[in-house]
Number of protein chains: 2
Amino acid sequence: MARQSQTDLAVLGALSIEPMTGYELRQAITEVLGHFWHESFGQIYPCLANLQQLGFVRSTSADRSSTYRITAAGRRELARRLRDEPERQQPRNATLLRVFFGASLDEDDLVAILDRTERQAREQLATLAAAREQIANGTHNAAHGRYWLATVSAGEHAARAQLDWVNETRTTLLAPQLSSGRDSP
Amino acid sequence: MARQSQTDLAVLGALSIEPMTGYELRQAITEVLGHFWHESFGQIYPCLANLQQLGFVRSTSADRSSTYRITAAGRRELARRLRDEPERQQPRNATLLRVFFGASLDEDDLVAILDRTERQAREQLATLAAAREQIANGTHNAAHGRYWLATVSAGEHAARAQLDWVNETRTTLLAPQLSSGRDSP
DNA sequence: TGTCTCATGTAATCCGTTACATGATTGG
DNA sequence: CCAATCATGTAACGGATTACATGAGACA
């Protein structure tokens with residue numbers, strides 16, 4: 001049973017908000033959905049061609065660029081696809097894989113892994129704070145802002161959970177560090 | 001630049017704890033790493049053949065099954081691979097994708113998405129509680145248990161963050177439900 | 001003039017799952 | 001005897017990334 005791609009869903013959804021070219025579509029997905037979704041050109045262009053053939057989008061060409069807009073059938077399809085339950089993707093957390101085999105690591109390396117995780121979570125929180133602000137000042141907000149903010153909030157909850165975990169894990173896994181001599185009286 | 005597969009890492013790591021057949025390897029990864037990792041047979045057998053050719057594992061055959069054990073070179077390779085930073089995988093959260101386009105959904109469908117998320121998080125917490133107990137009673141614990149528990153804890157933090165998010169999102173996104181008549185005095 | 005961004009697309013390749021094929025052993 | 005589990009592997013397929021090819025316009 002072929003696992004259906006969710007690319008169509010992302011593309012139809014984006015076009016349901018605003019008509020775009022393939023290039024702008026990629027940009028929009030990267031910038032706006034970036035904290036929880038990703039598409040590459042190699043997916044987007046074939047997907048657009050396919051959706052057009054199915055009658056879910058229509059394109060109008062202006063000087064060497066094609067703008068795609070969603071059709072009525074496309075909106076119906078979008079609603080249908082949004083409703084059905086995605087099969088859950090197999091988890092693959094490379095960081096936890098490393099922690100799991102921590103007995104084969106020096107403590108330095110474990111420290112590096114935890115520091116890295118903390119840094120990434122903090123960066124994520126900064127990105128999401130910026131996203132919040134953009135949504136507050138943006139244009140599509142009447143209808144969409146509340147939903148977009150909900151996704152931002154999900155990211156924030158996850159990032160804070162990571163920070164909590166890092167702090168907890170530093171105390172449970174790292175032996176209390178002896179001071180290196182310099183800073184104790 | 002080919003993104004290197006982390007399958008080798010998972011396989012070498014598992015074999016560093018205990019020699020196993022390919023079949024047992026799959027089982028161990030599913031049962032023990034299941035909450036943050038996954039491998040299928042289609043990956044494991046070719047991977048084992050490859051690791052053997054590189055001299056990182058050795059196999060001994062007994063009646064129609066081959067037991068693989070890690071070599072000294074394999075342990076060095078494992079330590080090396082554990083150290084280098086994994087490039088972070090592109091996020092793809094199908095649930096958030098649906099929430100993001102929530103304006104195209106009926107409230108019922110949104111409720112279903114949130115309920116589903118809550119249920120999955122609770123199931124995850126139950127699974128992890130069982131894992132905790134298994135680790136407490138297991139055999140490999142002197143050296144490994146603390147690390148394994150750290151990965152379990154990461155899962156718990158993440159699952160609780162999801163529950164928090166669901167609760168928050170129910171109040172921010174769902175209009176206050178009028179009582180259906182039955183339960184108000 | 002050269003570099004950056006806009007813009008479109010294809011081909012090669014990799015990663016991973018699923019399905020298929022095979023067969024022994026165990027337990028009801 | 002039949003079903004389930006143990007056990008090994010391969011082939012087909014699908015999904016996604018990366019690299020490649022191309023070219024116009026902006027701007028420094």
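Each chain gets a letter, A, B and so on, in the order its sequence line appears, and its residues count up from 1. Heavy-atom basis, side chains included; hydrogens, waters and symmetry copies ignored.
Between the CD atom of Glu87(B) and the C1' atom of dC15(C) there is a distance of 12 Å, given to the nearest Å. Protein atom CG of Asp8(B) is 14 Å distant from nucleotide atom C1' of dG16(C), rounded to whole Å. Note: OH (Tyr45(B)) to C1' (dT8(D)) measures 5 Å, nearest angstrom. Taking atom CD on Gln89(A) and atom C1' on dG15(D), their separation rounds to 13 Å, with Å as the unit. Here dT8(D) presents its C1' atom at 17 Å from CE of Met20(B), a figure rounded to the nearest Å. When rounded to the nearest whole Å, the span between CD1 of Ile44(B) and C1' of dT18(C) equals 15 Å. As rounded to whole Å, 10 Å separates atom C1' of dT25(C) from atom CG of Asp63(B). For Tyr23(B) and dT26(C), the OH to P distance is 14 Å, given to the nearest whole Å.
Ring geometry, Phe100(A) versus Trp148(B): the interplanar angle falls under 30°, so the pair is classed parallel (tilted spans 30 to 60°).
Note on Thr7(A): a side-chain N or O is less than 4.0 Å away from OP1 or OP2 of dA16(D). Between Ser5(B) and the phosphate of dC14(C), there is no side-chain N or O to OP1/OP2 separation shorter than 4.0 Å.
Residue Met20(B) comes nearest to Glu24(B) through the heavy atom pair CA-OE1, 3.5 Å, listed as atom of the first residue, atom of the second, then distance.
Residue whose closest nucleotide on DNA chain D sits further toward the 5' end, between Arg92(B) and Thr21(B): Thr21(B). For Pro46(B) and Gln6(A), each mapped to the nucleotide of DNA chain D holding its nearest heavy atom, the one lying further toward the 5' end belongs to Pro46(B).
Between atom CD of residue Gln43(B) and atom CG of residue Asp8(B) there is a gap of 9.5 Å, rounded to the nearest 0.5 Å.
Of the residues in residues 24-43 of chain A, those placing a heavy atom less than 4.0 Å from an atom of DNA chain D are His38(A), Ser40(A), Gly42(A), Gln43(A), in numerical order.
Side-chain N or O atoms of Asn93(B) include one that pairs as donor or acceptor with a backbone N or O of Leu96(B) at under 3.5 Å. Formation of a donor-acceptor pair under 3.5 Å by the Arg69(B) side chain with backbone atoms of Pro19(B) is not found in this model. The backbone N or O of Gly55(A) lies less than 3.5 Å from a partner atom in the side chain of Thr71(A), making a donor-acceptor pair.
For the residue pair Arg98(A)/Gln6(B), the side-chain donor-acceptor check at 3.5 Å is satisfied. When only modelled atom types and interatomic distance are considered, Thr117(B) and Gln162(B) share no side-chain donor-acceptor pair under 3.5 Å.
In this view, Thr169(A) and Trp165(A) satisfy the side chain to side chain donor-acceptor pair (under 3.5 Å) rule, not counting sequence neighbours.
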Protein-proximity profile, nucleotides 20-27 of chain D, B/S/- by nucleotide at the 4.0 Å heavy-atom cutoff, equals ----SS--
